[in-house]
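Okay, so here's the structure we're looking at.
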Amino acid sequence: NSVPMVTIFKNVTNIATTAGDWYFFGSTTETLVVVAFGIMLTGAVAAAWNDIELSWIGLFWMALNCLSTSGYVLYMKFATKTVKLSKFGMVFYNNILCVLFLLPVAYYLGQVEVFALT
């Protein structure tokens, strides 16, 4: 997919997150925010109109990225409300969990050695 398509999906992610916030948490969205979303999405589509390149695999990965990002943001909102941790505690544990997954990859790619030598 092209960069303009990524921009369109980035805007769709914001809209999906707002829709999920309304559906799961009952949050209301101001009318001007909805208008801004419409203008933002229309502008992105208009800017990308002549540059849009599509492939099924690209659309699949972009849709998966969109859903994953929205799901993560909505889950973090849920977790912040239900788990009695401060925002710092949530960020701390989130980073610890990321290190468990990313440290082996960084070691395999030689980034740990580069970090140690710098």
Side-chain angles (χ1 to χ4, degrees):
N1 288 342
S2 61
V3 172
M5 277 304 294
V6 173
T7 303
I8 292 170
F9 271 95
K10 177 186 62 111
N11 293 334
V12 169
T13 300
N14 293 334
I15 295 168
T17 302
T18 303
D21 200 23
W22 168 78
Y23 183 77
F24 292 113
F25 301 109
S27 300
T28 57
T29 305
E30 294 181 20
T31 306
L32 287 178
V33 172
V34 174
V35 170
F37 281 154
I39 292 170
M40 180 178 64
L41 188 59
T42 303
V45 170
W49 194 255
N50 290 323
D51 289 336
I52 293 179
E53 295 177 24
L54 297 174
S55 68
W56 288 109
I57 192 73
L59 285 175
F60 169 76
W61 284 113
M62 287 305 301
L64 187 65
N65 183 323
C66 179
L67 292 173
S68 298
T69 302
S70 291
Y72 175 76
V73 169
L74 292 170
Y75 175 74
M76 288 307 291
K77 182 173 183 174
F78 170 75
T80 302
K81 286 183 175 184
T82 58
V83 176
K84 301 302 177 202
L85 281 175
S86 65
K87 295 245 184 208
F88 175 80
M90 294 293 279
V91 170
F92 177 76
Y93 286 115
N94 191 22
N95 287 335
I96 293 295
L97 288 172
C98 286
V99 165
L100 293 175
F101 291 104
L102 295 178
L103 193 58
V105 174
Y107 182 77
Y108 175 75
L109 294 175
Q111 296 299 312
V112 174
E113 184 179 338
V114 171
F115 176 75
L117 294 174
T118 352

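Start at 1 with the first residue, then count along the sequence.
- Linking ILVMFWY side-chain heavy atoms closer than 4.5 Å, directly or via other members, places Y93 and L102 in two distinct hydrophobic clusters.
- Note that the OG1 atom of T42 and the CZ atom of F37 stand 13.0 Å from one another [nearest 0.5 Å].
- Criterion: ILVMFWY side-chain heavy atoms under 4.5 Å apart, direct or through other members. Under it, F78 and Y23 are part of a common hydrophobic cluster.
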Discussion item. Please determine whether side chain to side chain contact (heavy atoms under 4.5 Å, CB included) holds for the pair K87 and V91, giving the CA-CA distance in whole Å, both sets of side-chain angles, and the decisive distance to 0.1 Å.
Written reply: CA-CA 6 Å; K87 295 245 184 208; V91 170; 5.5 Å; no

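- Nearest heavy-atom pair, S70 versus T13, reported as atom, atom and distance to 0.1 Å: OG-O, 3.2 Å.
- Connection of I96 to M90 is established within a shared hydrophobic cluster, with ILVMFWY side chains joined at heavy-atom distances below 4.5 Å, either directly or through further cluster members.
- Proximity of V45 to I8: side-chain heavy atoms (C-beta onward) are separated by under 4.5 Å at one or more points.
- Residues M62 and V6 approach most closely at CE-CA, 3.9 Å, considering heavy atoms.
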Fill in: Derivation and outcome, side chain to side chain contact (heavy atoms under 4.5 Å, CB included), residues Y72 and N94
CA-CA 11 Å; Y72 175 76; N94 191 22; 2.5 Å; yes

Discussion item. Between V12 and L41, does the side chain to side chain contact (heavy atoms under 4.5 Å, CB included) criterion hold? Intermediate values first, please.
Written reply: CA-CA 7 Å; V12 169; L41 188 59; 3.9 Å; yes

Worksheet item: For N65 and F9, what are the C-alpha separation, side-chain angles and deciding distance, and is it a side chain to side chain contact (heavy atoms under 4.5 Å, CB included)?
Response: CA-CA 9 Å; N65 183 323; F9 271 95; over 6 Å; no

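- The two residues N14 and M40 have their closest heavy-atom pair at ND2-CE, 4.3 Å.
- Linking ILVMFWY side-chain heavy atoms closer than 4.5 Å, directly or via other members, places W22 and L74 in a single hydrophobic cluster.
- More than 12 non-hydrogen atoms from other residues, nucleotides or ligands lie less than 6.0 angstrom from CZ of F25.
- Going from atom OG1 of T118 over to atom CD of E113 covers 10.0 Å, rounded to the nearest 0.5 Å.
- Here the side chains of Q111 and V105 are not in contact, with every heavy-atom distance at 4.5 Å or above.
- In the hydrophobic clustering of ILVMFWY residues, with side-chain heavy atoms under 4.5 Å counting as a link, I15 and I39 come out apart.
- In plain terms, the two heavy atoms of M5 and L59 that are nearest each other are CE-CD2, 4.1 Å.
- Classification of the F92-F88 ring pair by plane angle, with boundaries at 30° and 60°, yields parallel.
- T82 OG1 to K77 NZ: the interatomic distance, rounded to the nearest 0.5 Å, is 12.5 Å.
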